[in-house]
Amino acid sequence: MSIFDYFRSKTKNASASVAKERLQIIVAHERGQRQQPDYLPQMQQEILDVIRKYVAIDQESVNIQLENNDHCSVLELNVTLPDR
Amino acid sequence: MNTREPGVAGRIEERVLAKIIVVTSGKGGVGKTTSSAAIGTGLALRGFKTAIIDFDVGLRNLDLIMGCERRVVYDFVNVLNKEATLNQALIKDKRTPNLFILPASQTRDKDALTQEGVQAVLNELSRDFDYIVCDSPAGIEKGAQMALYYADIAVVVTNPEVSSVRDSDRILGILQSKTRRVEAGEDPVEEHLLLTRYSPARVQAGEMLSVQDVEDILAIPLIGVIPESEAVLKASNQGMPVILDQETEAGQAYSDAVARLLGDQVEHRFLEVQKKGFFKRLLGGK
């Protein structure tokens, strides 16, 4: 190992920072899912079925999120309808 | 159930029930059994009457790490099935006074563990022990759930590596939702991070998550950092808990962790790369 490698090594091998970044994202995502009530996926499916009776949409077009604030929970339903 | 002051364990004047510590991780091979053996031995060395229970039914290994594999007659499942009494199954450690081991069954399957059975054994042990250390199996199946269900304190063993950190976070989720304490509406299980197989040199080179990185992600208090050490394998080869080898960094780091578990303020050691002296380098010392 030359003296130049010594100075470069910090940036070249900084795989730990990549690991930390990836972990922060996945852990935050999984914690979000953990706090969801168990019925959420099924409710999402049923809402999707109801909308499908009228409009042709796919699974990805419906997004359900439950946000818990101090005093109340907000159920956010986001449906993307196809172009007419 | 019982009422007791949090943080007070095994005081003589007022007999309280044992504190139940689970050593858990989610991921396998991170050092749960090594840590259970070290922590249990460390507590016993401090004068607390301690039992270590192997919850890994079907894959028992605590007996090997503790060096009592040839003294196993009855096991945890025998006690659960009332084929043996607790006193018959408990193995008294030969090196450390106050220390007992309850081995897992090697032949039965995980279904042998029932909630009522485990509760009965823990209640009986609680009566004359100060600490009960539950060595959890890997995974999040029944054995792991049983090991942590009755815990008062959780030691989450984590390696500075992505899959271990993620699995530890998963276990933290279970500790916060599927324990007796949560269900009874009591104070939550005390969570502690034990970082094992830590290599300061690799952290310095940017190749390994640092203590700070793991603390940032898991956000639970750090109880100890065990450096990657040849002493751990050497100790397990001999069937001796590594904490008994106080010449080694790993042994000392475990002693520190036990002290912190008991509420002592001890500064963390072995987090920085040890600087080699000129002569040591010249002579090729490690």
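Any value given below was found using the heavy atoms of this structure, including those in side chains, with hydrogens, waters and symmetry copies removed. All chains are named by letter (A, B, ...) in the order of the sequence lines, taking the proteins before the strands, and each is independently numbered beginning at 1.
- For the atom pair OG (Ser17(A)) and CD (Glu207(B)), the distance works out to 12.0 Å, reported to the nearest 0.5 Å.
- In terms of heavy atoms, Arg34(A) sits closest to Arg170(B) at NH1-CA, 3.8 Å.
- The shortest non-hydrogen separation linking Ala16(A) to Leu209(B) is O-CD2, 3.6 Å.
- For Glu21(A), the CD atom sits in a loose shell: 12 or fewer heavy atoms of surrounding residues, nucleotides or ligands are nearer than 6.0 Å.
- Within a 6.0 Å sphere centred on CD of Gln42(A), other residues, nucleotides and ligands contribute 12 heavy atoms or fewer.
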Please table the atom pairs, donor to acceptor, closer than 3.5 Å between any side-chain atom in residues 210-221 of chain B and protein atoms at least two apart or in another chain.
residue	atom	partner	partner atom	Å
Ser210(B)	OG	Gln212(B)	N	3.4
Ser210(B)	OG	Asp213(B)	N	3.1
Ser210(B)	OG	Asp213(B)	OD1	3.4
Ser210(B)	OG	Asp213(B)	OD2	3.3
Gln212(B)	NE2	Asp216(B)	OD1	2.9
Asp213(B)	OD1	Lys20(A)	NZ	3.3
Asp213(B)	OD2	Ser210(B)	N	3.0
Asp216(B)	OD2	Lys20(A)	NZ	2.8

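- Top candidate by heavy-atom pairs under 4.5 Å with chain B, chosen from Leu23(A), Val27(A), Ile26(A), is Leu23(A).
- More than 12 non-hydrogen atoms from other residues, nucleotides or ligands lie less than 6.0 angstrom from CZ of Arg52(A).
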